[in-house]
Amino acid sequence: MKEIRMHGRGGQGVVKSAQVIVKSVVAAGGYAHFIPFFGVERKGSPVFGFLRIDDKDINLKCQVYEPEVLLIYDDTLLDMPATFSGMRDGCAVVINTAKAASELDIPSNAGTVALVDASGIAMEVIGRNIPNTAMLGAFAKATGLVGWDGLKGVIEETFGAKNVKAAEKAYESVQKVKG
């Protein structure tokens with residue numbers, strides 16, 4: 001079982017992108033579930049959620065305390081203690097940022113570190129700063145945990161063709177700076 005924690009801000013599409021991953025995994029014959037967590041429910045507030053993916057039924061229904069993958073939708077969340085809390089050694093970290101890796105404070109025990117300007121891609125392709133579909137492309141490329149073709153199909157079905165283009169652009173432009 002792969003345990004993933006997602007950190008973002010209200011309005012960035014964290015919940016919807018998790019639902020797309022779940023739908024994609026289930027359509028491919030796997031098992032997945034997502035548990036969202038909201039503090040203050042308003043646009044811009046920190047939000048996070050817990051995603052599990054497996055090839056067999058998942059009975060564990062609690063928070064992810066020791067993630068193997070972190071998806072960080074906003075680089076301003078890197079300074080929050082909860083963002084990297086419990087991170088396993090070798091954890092894959094995918095970050096939406098326009099900054100260079102040297103400007104980011106990423107724990108040394110991270111495994112693969114992948115950076116993508118998902119917000120910039122979303123603004124360019126979709127015309128709105130909702131980086132979720134671009135982050136889906138980066139997640140697929142950096143981790144290989146979801147089938148790329150199936151994921152694109154679910155993105156198109158859920159959001160439309162523009163969002164597939166955003167995901168494809170992120171998939172092609174994600175930079176692995178470690179791992």
Side-chain angles (χ1 to χ4, degrees), residues 1-39 41 45-75 77-78 80-97 106-107 109-116 118 122 130-155 157-159 163 166-167 170-171 174 176 179:
M1 176 169 41
K2 293 293 182 187
E3 294 190 308
I4 302 158
R5 198 167 60 214
M6 305 167 90
H7 293 266
R9 294 195 177 276
Q12 290 184 310
V14 171
V15 172
K16 200 67 173 168
S17 64
Q19 292 169 344
V20 167
I21 292 170
V22 168
K23 191 171 183 180
S24 172
V25 168
V26 170
Y31 296 83
H33 73 217
F34 176 69
I35 303 168
F37 181 88
F38 305 98
E41 290 191 52
S45 297
V47 298
F48 50 98
F50 314 100
L51 176 63
R52 289 185 175 86
I53 299 173
D54 206 344
D55 58 359
K56 59 184 179 294
D57 195 24
I58 301 169
N59 294 314
L60 191 59
K61 309 282 191 233
C62 64
Q63 295 183 17
V64 171
Y65 296 102
E66 296 179 345
E68 297 168 77
V69 178
L70 285 172
L71 293 178
I72 304 169
Y73 287 62
D74 189 315
D75 64 10
L77 299 171
L78 297 178
M80 295 182 70
T83 302
F84 293 110
S85 175
M87 181 176 109
R88 293 183 194 188
D89 286 342
C91 179
V93 181
V94 181
I95 304 171
N96 171 20
T97 187
I106 301 167
N109 66 330
T112 298
V113 175
L115 308 179
V116 66
I130 303 176
N132 62 343
T133 52
M135 284 295 287
L136 288 170
F139 168 72
K141 179 73 173 245
T143 69
L145 291 175
V146 293
W148 180 227
D149 290 333
L151 182 64
K152 287 192 298 186
V154 176
I155 291 170
E157 176 185 306
T158 306
F159 298 109
N163 284 274
Y171 185 91
V174 67
K176 285 188 181 181

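- When the ring pair (Phe, Tyr, Trp, His ring centres under 6.0 Å) test is applied to Phe159, no partner is found at least two apart in sequence or on another chain.
- Rounding to the nearest 0.5 Å places CG of Leu136 at 6.5 Å from OG1 of Thr133.
- For residues 83-95, the salt bridge (charged side-chain N to carboxylate O under 4.0 Å, His left out) pairs, not counting sequence neighbours, are Glu3-Arg88, Glu68-Arg88.
- Take Lys56 and apply the salt bridge (Lys or Arg N to Asp or Glu O under 4.0 Å) test, not counting sequence neighbours, and it matches Asp54.
- Note that CZ of Phe48 is 8.0 Å distant from CE of Met80, once rounded to the nearest 0.5 Å.
- Listed here is the closest heavy atom pair of Leu145 and Ile4: CD1-CD1, 4.1 Å.
- Shortest non-hydrogen contact noted between Arg52 and Ile58 is O-CD1, 3.6 Å.
- Here the shortest heavy-atom pairing between Gly137 and Trp148 reads CA-CZ3, 3.8 Å.
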List, one per line, each side-chain donor-acceptor pair under 3.5 Å for residues 16-24, sequence neighbours excluded.
from  : atom 1 : to     : atom 2 : distance (Å)
Ser17 : OG     : Gly13  : O      : 3.1
Ser17 : OG     : Val14  : O      : 3.0
Ser17 : OG     : Tyr73  : OH     : 2.6
Lys23 : NZ     : Glu157 : OE2    : 2.2

Margin query: I'd like to know whether Phe84 forms a side chain to side chain contact (heavy atoms under 4.5 Å, CB included) with Ile72, so could you lay out the CA-CA distance, the side-chain angles of the two residues, the decisive distance to 0.1 Å, and finally the verdict.
Written below: CA-CA 10 Å; Phe84 293 110; Ile72 304 169; 4.0 Å; yes
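- Among the candidates Ile95, Val93, Val94, the single residue satisfying the side chain to side chain contact (heavy atoms under 4.5 Å, CB included) test with Leu71 is Val94.
- Contact record, Thr112 with Ala142: CG2-O, 4.2 Å, taken as the closest heavy-atom pair.
- Judged by distance alone, with hydrogens and angles left aside, the side-chain atoms of Thr143 form a donor-acceptor pair with the main-chain N or O of Phe139 at under 3.5 Å.
- With sequence neighbours excluded, no residue forms a ring pair (Phe, Tyr, Trp, His ring centres under 6.0 Å) with Phe34.
- The shortest heavy-atom contact between Ala82 and Arg5 is O-NH2, 3.2 Å.
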Item checked: Chi angles and distances behind the side chain to side chain contact (heavy atoms under 4.5 Å, CB included) call for Met87, Leu70 -> CA-CA 8 Å; Met87 181 176 109; Leu70 285 172; 3.8 Å; yes
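- For residues 134-150, the set of pairs meeting the salt bridge (charged side-chain N to carboxylate O under 4.0 Å, His left out) definition, not counting sequence neighbours, comprises Asp149-Lys152.
- Listed for the Asn96 side chain is a donor-acceptor partner under 3.5 Å among the backbone atoms of Ala118.
- When all heavy atoms are compared, the tightest approach of Ala138 to Ala170 is N-CB, 4.1 Å.
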Next item on the list: Go through the steps to decide whether Val116 and Met135 satisfy the test side chain to side chain contact (heavy atoms under 4.5 Å, CB included), and finish with yes or no.
Entry: CA-CA 8 Å; Val116 66; Met135 284 295 287; 4.1 Å; yes
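- In this view, Thr97 and Asp75 satisfy the side chain to side chain donor-acceptor pair (under 3.5 Å) rule, not counting sequence neighbours.
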Next item on the list: Give the intermediate values and the outcome of side chain to side chain contact (heavy atoms under 4.5 Å, CB included) for residues Arg9 and Leu77.
Entry: CA-CA 9 Å; Arg9 294 195 177 276; Leu77 299 171; 3.4 Å; yes
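- With sequence neighbours left out, the side chain to side chain contact (heavy atoms under 4.5 Å, CB included) criterion links Ile130 to Arg128, Asn132.
- With His33 contributing its side chain and Asn59 its backbone, the two residues share no donor-acceptor pair below 3.5 Å.
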